[in-house]
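Report on the structure given below.
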There are 2 protein chains.
Amino acid sequence: MSTSRPTINDVATRAGVSKSLVSLALSGSTKVSDVSRQRIVDAVAELGYRRNAAARSLAVRRSHTIGVLILDLHNPVFAEILDGVQIEVREHGFSTMLISGGADPELEQAEIDTLLQFQVEGLILIAHRLPAHVLTDIAAEVPTVVVTRDDIAVPFMDSVSNDDVAGARMAVDHLVSLGHSRIVHLSGGDNPVSHARADGYRFAMTQHGLAQHIRVVPGGLTDAKGYTAARDALSSAPTALFVANDVAAIGAIAAVENANLRVPEDISVIGYDGISIGGMRRLNLTTIAQPLADLGRLAAQHMLHRINNRTAPATRQHVSATLVIRGTTGPAATKV
Amino acid sequence: MSTSRPTINDVATRAGVSKSLVSLALSGSTKVSDVSRQRIVDAVAELGYRRNAAARSLAVRRSHTIGVLILDLHNPVFAEILDGVQIEVREHGFSTMLISGGADPELEQAEIDTLLQFQVEGLILIAHRLPAHVLTDIAAEVPTVVVTRDDIAVPFMDSVSNDDVAGARMAVDHLVSLGHSRIVHLSGGDNPVSHARADGYRFAMTQHGLAQHIRVVPGGLTDAKGYTAARDALSSAPTALFVANDVAAIGAIAAVENANLRVPEDISVIGYDGISIGGMRRLNLTTIAQPLADLGRLAAQHMLHRINNRTAPATRQHVSATLVIRGTTGPAATKV
DNA sequence: ACCTTTCATTGGAACGTTCCAACAAGTATG
DNA sequence: CATACTTGTTGGAACGTTCCAATGAAAGGT
C-alpha cells in the first residue's frame with residue numbers, strides 16, 4: 001500500500017528471510033541455499049524491487065560511476081570519442097555521468113565539482129580548458145585522464161591523444177607524393193592541438209626541401225573560419241590546402257569552389273580528425289583520421305587501471321592517425 | 001591524516017560546531033550566525049570538503065538527477081536535442097545522467113534500469129525503441145517524457161515532437177511554389193517518424209492536384225541509403241526530391257551529381273531535421289528544420305513540471321518546424 | 001522579576017544499503 | 001562422543017547526509 005519504492009527489507013519480509021541474506025543473494029554469493037535464493041528472486045520480481053544505488057554507493061564507498069566532461073557535444077569528434085568511452089566503461093560494470101561544458105570555462109569547473117559530489121571514481125576529460133593548477137588538484141583527488149591534449153604534465157594524470165605533429169607530416173607527405181609543392185596550411189587558431197599540427201606542417205615542408213613555400217594562414221576550427229581562411233589563402237595560388245580539422249576543411253572546399261576552382265583538379269584539400277560525416281559521399285574528404293573511438297576506449301582503460309593503482313606514474317599515450325584518401329586530393333596540375 | 005575524503009563531521013569539529021549546523025549552513029539557511037557561518041566556510045575551504053551526493057540523496061530521498069536515454073550519439077539530431085535538455089535541466093539545479101543506447105533494444109532496457117537504480121527523478125527518452133508495455137511500466141514508476149515520437153499513448157507520459165505530417169507538407173508546398181510537379185519522396189524506412197513524413201508528402205501532393213505524380217522510393221535515414229534511393233528515383237526523371245532526413249539528403253545529392261545532374265539546376269533536393277552541418281557552405285542544404293534545442297528544452301520543462309505533479313494527464317506537445325531555404329532547391333526547369 | 005518569544009544550536013533518528021562477527025544445525029574427523 | 005569444520009543464516013553497525021524535536025541563551029513584554 002505504500003506508494004514509495006520497495007526496499008531490501010520489503011523483499012526480505014516477503015521472502016521470509018533477513019535483509020542480509022537478500023543482500024547476499026543479490027550480489028550473487030554462492031552461500032545462499034537454492035530454496036532461499038528462489039524465494040528472494042520471486043519476491044524481487046513481485047515487488048518490482050530495484051537496488052538503491054545511492055545507498056549502495058554509500059555503504060560500499062564506491063560509486064561505480066565515472067564522470068565524463070565533454071567540451072562540446074556539437075562537434076562530432078567528441079561525440080565519437082565518447083562512444084568509445086561508453087563501450088569500454090560499460091564492459092567493466094561502470095556507468096558514466098556525462099556533463100557537456102558550456103561556453104564558459106568557469107562553468108566547466110563547477111560542473112566538475114558536481115561530478116565529484118557524485119563520488120565518481122574517475123574523470124575523463126574530453127578536451128578541456130582547465131588551467132594547470134586546477135588540473136593538478138583534480139588529478140590528486142581522483143583518477144583523471146585527458147583525451148586529445150597532452151600539453152600539460154600533471155602528476156598521476158594520464159593522457160591519450162594522437163601525435164598531431166606526426167599526423168600533420170603524413171598530410172604533407174601525401175600531398176608531396178602527389179606532386180604538390182605550393183601547400184598552404186590553414187591553421188586552427190591559438191590552441192595546443194592546432195599549434196602542434198602547424199609545427200608538423202612546417203617540419204615536413206622543410207624536410208621535403210619546400211621551406212620557401214611554407215605559408216600558414218590563420219583560421220579556426222569551424223566551417224566559417226575554414227571558409228574565410230581558404231579565401232585568404234587563394235591569393236598565393238596554392239595547389240593544395242592542409243586544413244587544421246575536417247570541419248574547417250569542409251568550409252575551405254566551399255571557398256575554393258566559390259572561386260570557380262575545382263577540388264581536387266585545381267586544388268587538393270586534406271583535413272584532420274576523421275569525423276564520420278567526412279565520409280559522406282557529398283563531402284568525400286581526404287583526411288588524417290584519428291582512431292576516435294579507440295581514443296575513448298584507451299582513455300577508459302587508463303582510468304580503470306588507475307582506479308586500482310592511484311599512484312602509478314603519469315602516462316602519455318599517443319595513438320597513430322592514419323591517412324584516409326578519399327576524393328578531395330589528387331595529383332598536382334603539371335607545372336606551368 | 002586520513003587519506004579519504006573529509007566528511008561533514010570533520011568540518012564540524014574543525015569549525016567547533018555540530019554537524020547539524022554545518023548542514024544548515026551548507027544549505028544556506030538564514031538561521032546561522034555570521035560568526036559560525038564564517039568558521040564553517042573556512043573549515044570547508046581548508047579541508048576541501050565536498051558534499052557526498054549519495055548520502056545526501058539517501059537522506060532527502062531525492063537525487064536531483066534526471067536520466068537521459070539517447071538512441072544514438074552519432075546522429076547530430078540527437079546531440080542537438082540533448083543540448084537543449086542539458087541547458088534547461090541545469091538551470092533548475094538538476095544534473096543529467098546520460099546513457100546512449102546501443103544497437104540492441106534489449107540493452108536499452110537494461111540501461112534504463114541502471115538509470116532507475118540511481119534514483120533519477122525523471123527520464124527523458126530521446127528517440128527509443130521500447131514496446132508500449134515497457135513504456136507504460138516505466139512511466140508509471142517515474143516521470144517520463146519522450147522526444148521525437150508521439151505514436152505511443154501511455155498514461156502519465158508526455159511527449160514532445162514536431163508535426164512530421166505538417167513539416168512534410170511544407171516541404172512539398174515549397175517545391176510546388178518553385179514550379180515543381182514531379183516530386184519524388186525518398187522515404188526513411190519503416191519507423192513511425194518516416195511514415196508520418198511520407199503521409200504528409202502524399203497528402204500535400206494530392207492537395208496540389210499532383211496525385212498522379214506521387215512516388216515514394218524506399219530508402220533509409222543514412223547517407224548511404226539516401227544515395228541508393230536517389231539513384232533508384234532518377235529513373236522516373238523527377239525535378240525534385242523530398243528526402244526523409246538531412247543525412248540521407250546529403251547522400252541523395254551525391255547520387256544526383258554522380259549522374260551528371262546539377263543541384264538545384266536540374267534537380268532540387270530538400271531534407272528534414274535541420275541539423276547544423278546542413279548549414280555548412282559546402283552542403284548548404286534546404287531543409288525543414290525542427291527547433292532541435294527547443295525540443296530538448298521543452299522536454300525538460302515537461303519533466304520538471306511532472307516531477308511536482310506526477311498524475312497530471314499525459315500531454316503531447318507539437319512544435320512547428322520551419323522551412324529553411326538554402327542552396328539545394330530552386331525553380332523547376334521549364335517544362336519540355 | 002517573571003513569562004513568553006525568538007534565535008542559534010544540538011543530539012539523534014532516519015534514509016537503504018553492505019559487511020562483519022556470531023550462531024545454529026548439520027557433517028565430517030579424531 | 002566430543003571436537004572441529006562447513007553451510008546457511010542473522011542482527012547490528014557503519015556509510016554521510018538531512019531533519020526534527022529539544023535545548024539554552026538572549027531579548028522582549030508586562
Side-chain angles (χ1 to χ4, degrees), chain A residues 2-41 43-44 47-65 93 95 114 116-121, chain B residues 2-41 43-44 47-65 93 95 114 116-121:
Chain A
S2 131
T3 173
S4 65
R5 302 226 176 116
T7 76
I8 201 173
N9 276 304
D10 299 329
V11 175
T13 54
R14 174 133 195 162
V17 298
S18 74
K19 63 176 171 32
S20 304
L21 196 61
V22 176
S23 175
L24 240 29
L26 253 32
S27 54
S29 161
T30 59
K31 2 197 55 184
V32 177
S33 69
D34 290 344
V35 39
S36 297
R37 162 162 288 122
Q38 191 54 51
R39 296 174 65 174
I40 290 170
V41 169
V44 164
L47 289 143
Y49 168 74
R50 211 177 329 253
R51 259 180 174 140
N52 182 327
R56 167 160 227 242
S57 116
L58 188 58
V60 302
R61 311 171 77 168
R62 296 200 54 176
S63 64
H64 282 276
T65 302
S95 307
T114 304
L116 292 177
Q117 287 190 13
F118 276 90
Q119 313 296 110
V120 294
E121 298 189 23
Chain B
S2 131
T3 172
S4 65
R5 303 224 175 117
T7 76
I8 200 174
N9 277 304
D10 300 328
V11 175
T13 53
R14 174 135 196 160
V17 298
S18 73
K19 64 178 172 28
S20 303
L21 196 62
V22 176
S23 175
L24 241 30
L26 253 32
S27 54
S29 162
T30 58
K31 4 195 53 183
V32 177
S33 69
D34 290 345
V35 39
S36 299
R37 162 163 288 121
Q38 191 53 52
R39 297 175 64 175
I40 290 170
V41 169
V44 165
L47 269 53
Y49 168 76
R50 208 176 331 254
R51 260 182 174 138
N52 182 327
R56 168 162 226 232
S57 116
L58 188 58
V60 302
R61 310 171 77 167
R62 294 200 58 176
S63 64
H64 282 277
T65 302
S95 307
T114 304
L116 291 177
Q117 287 189 12
F118 275 90
Q119 314 295 110
V120 294
E121 297 190 24

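Just so it is clear: chains get the letters A, B, ... in the order the sequence lines come, proteins before strands, and each one is counted from 1.
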Candidate nucleotides dT17(C), dC15(D), dT18(D), ranked by approach to the side chain of N52(A) - the nearest: dT17(C)
Distance, rounded to the nearest Å, where K19(B) contributes NZ and dA8(C) contributes P: 20 Å
Rounded distance (nearest 0.5 Å) linking atom CZ of R5(B) with atom CD of Q119(A): 5.0 Å
Whole angstrom value for the distance that separates P of dC15(C) from CD of Q117(B): 20 Å
Gap between atoms CZ and C1', on R5(A) and dT17(C) respectively (whole Å): 15 Å
Phosphate OP1/OP2 of dG16(D) contacted by R61(A) side-chain N/O (<4.0 Å): yes
Test item: R14(A) and L47(A) side chains (from C-beta on) under 4.5 Å apart, heavy atoms: yes
N/O (side chain, S18(A)) to phosphate O (OP1/OP2, dT10(D)) under 4.0 Å: yes
Expected output: side-chain R50(A) to main-chain Q117(B) donor-acceptor under 3.5 Å: no
T7(A) side chain near dC15(C) phosphate (N/O to OP1/OP2, under 4.0 Å): no
Non-hydrogen side-chain atoms of N52(A) and T7(A) separated by less than 4.5 Å: no
Side-chain heavy-atom pair L26(B), V44(B) within 4.5 angstrom cut-off: yes
Distance, rounded to the nearest Å, where N9(B) contributes CG and dT17(D) contributes P: 8 Å
S33(A) side chain near dT9(D) phosphate (N/O to OP1/OP2, under 4.0 Å): yes
Nearest-Å distance for atom pair CG/P, residues L24(A) and dC23(C): 19 Å
Sugar-phosphate, base or nothing in reach of S27(B), heavy atoms under 4.0 Å: nothing
Gap between atoms OH and C1', on Y49(B) and dG16(D) respectively (whole Å): 7 Å
Sugar-phosphate only, base, or nothing, as touched by R62(B) at under 4.0 Å among non-hydrogen atoms: nothing
Proximal nucleotide (of dG16(D), dT9(D), dC19(D)) relative to the K31(A) side chain: dT9(D)
Selected nucleotide, minimal atom distance to S20(B) side chain, candidates dG11(C), dG16(D), dT17(C): dG11(C)
Residue met sooner reading DNA chain C from 5', once A59(B) and V17(B) are mapped to nucleotides: V17(B)
Candidate nucleotides dG11(D), dT18(D), dG16(C), ranked by approach to the side chain of L58(B) - the nearest: dG16(C)
Any S36(B) side-chain N or O less than 4.0 Å from OP1/OP2 of dT9(C): yes
D34(B) CG to dT9(C) C1', straight-line distance once rounded to whole Å: 15 Å
Straight-line distance of L24(B) CG to R37(B) CZ, nearest 0.5 Å: 8.5 Å
Side chain of I8(A) (C-beta onward), nearest among dG12(D), dG12(C), dT17(C): dT17(C)
L21(A) CG - dG11(D) P separation (whole Å): 11 Å
